[in-house]
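Note that the numbering runs from 1 along the sequence shown for the chain. Basis for what follows: all heavy atoms, side chains included, without hydrogens, waters or symmetry-related copies. In each ligand, atom 1 is the first atom listed, and ligand 1 is the first ligand listed.
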Amino acid sequence: MAHDGTPRVAIVTGSSRGIGRAIALELAHRGSRVVINYRAGKDAAEAVRREIELSGGEALVVRADVSVEADVRTMMEKTIEQFSRLDILVNNAGVLQDNFVSFMSEEQWDLVLDVNLKSAFFCTKHASKQMAKQRWGRIINISSDAGLMGDMLRTNYSAAKAGLIGLTKSTARELAARGITANAIAPGYIETDMTSEWADQKRKQMLERIPMQRLGSPQEVARAAAYLASEQASYVTGQVLSVDGGLHM
Ligand code: NAP
């Protein structure tokens with residue numbers, strides 16, 4: 001709830017599935033109006049909207065490829081048109097294009113950098129103007145332990161996720177005086193479409209590396225995001241919070 005009693009408004013990029021979906025549901029559950037963003041999964045995004053509305057919340061579905069600045073600008077305009085404010089931005093949309101560095105194509109590099117990193121720059125650029133006017137904002141970037149530790153076959157993804165951490169810290173420094181915080185979450189291995197295709201052998205190897213010996217759930221990441229988006233996190237900015245069962249410490 002904002003100081004004037006109106007509900008907070010949140011944009012969650014890539015919230016038709018997985019972690020983004022869980023974050024959208026959690027923020028709605030805690031009273032925010034939520035913009036559900038998707039690129040290809042219209043039906044899935046509409047299902048998230050229905051789920052929020054059925055439990056008494058409010059949501060708006062907006063298609064936008066967040067790696068395209070014009071799409072991001074339109075998404076911000078639609079948000080303000082509908083809800084007249086913007087308080088919380090969760091930069092969550094992400095893709096993988098795994099390959100050995102020696103064989104990685106320029107297209108694989110560019111796609112991953114554009115969707116995982118450039119998108120967060122575009123969204124932050126446009127959202128921060130509105131948040132600065134309101135003198136309150138929460139920006140949460142979904143990075144990854146891969147950005148802290150590196151990962152096999154993922155030079156593109158690790159570079160993008162490490163880049164998000166630099167973006168988070170500079171944003172935090174620049175916008176602190178305007179009442180806006182910026183933090184990153186670094187999930188470890190979470191049960192979503194991104195990890196469901198693992199062969200049993202790979203799953204076993206991963207579990208051996210995680211002190212808690214299990215994958216995380218999207219809801220466990222969502223609860224961390226909801227904390228960083230809340231009033232309770234008012235003195236926390238520029239931080240990276242791993243949600244990973246102890247994988248990175
Ligand atoms: P996911 O299940 O594959 O979902 C990805 C989401 O991003 C979908 O909603 C997808 O929408 C959206 N998306 C993809 N490209 C987009 C674009 N250009 N514009 C707008 N939306 C786009 O992924 P996830 O596992 O939930 O991951 C979410 C975030 O957490 C990602 O940033 C990922 O890197 C990070 N992460 C995940 C894990 C993990 O273990 N799962 C670990 C560390 C970090 P459409 O379906 O409509 O295309």
Hey, could you give me each pair passing ring pair (Phe, Tyr, Trp, His ring centres under 6.0 Å) that has a residue in [range]? Not counting sequence neighbours.
{"range": "residues 209-247", "answer": "none"}
{"range": "residues 19-48", "answer": "none"}
{"range": "residues 160-192", "answer": "Tyr189-Trp198"}

Does a sphere of radius 6.0 Å around CZ in Arg203 hold more than 12 heavy atoms from other residues, nucleotides or ligands, not counting ones at 6.0 Å or beyond?
yes
Does a sphere of radius 6.0 Å around CG in Asp43 hold more than 12 heavy atoms from other residues, nucleotides or ligands, not counting ones at 6.0 Å or beyond?
no
I'd like the residue list for ligand 1, meaning every protein residue with a non-hydrogen atom under 4.0 Å from the ligand.
Gly14, Ser15, Ser16, Arg17, Gly18, Ile19, Asn37, Tyr38, Arg39, Ala40, Gly41, Ala64, Asp65, Val66, Asn92, Ala93, Gly94, Val95, Val115, Asn116, Ile142, Ser143, Ser144, Tyr157, Lys161, Pro187, Gly188, Tyr189, Ile190, Thr192, Asp193, Met194, Thr195
Would you please test Arg21 and Ser16 for side-chain hydrogen bond (donor to acceptor under 3.5 Å, both in side chains) and show each step?
CA-CA 5 Å; Arg21 172 180 175 277; Ser16 52; over 6 Å; no
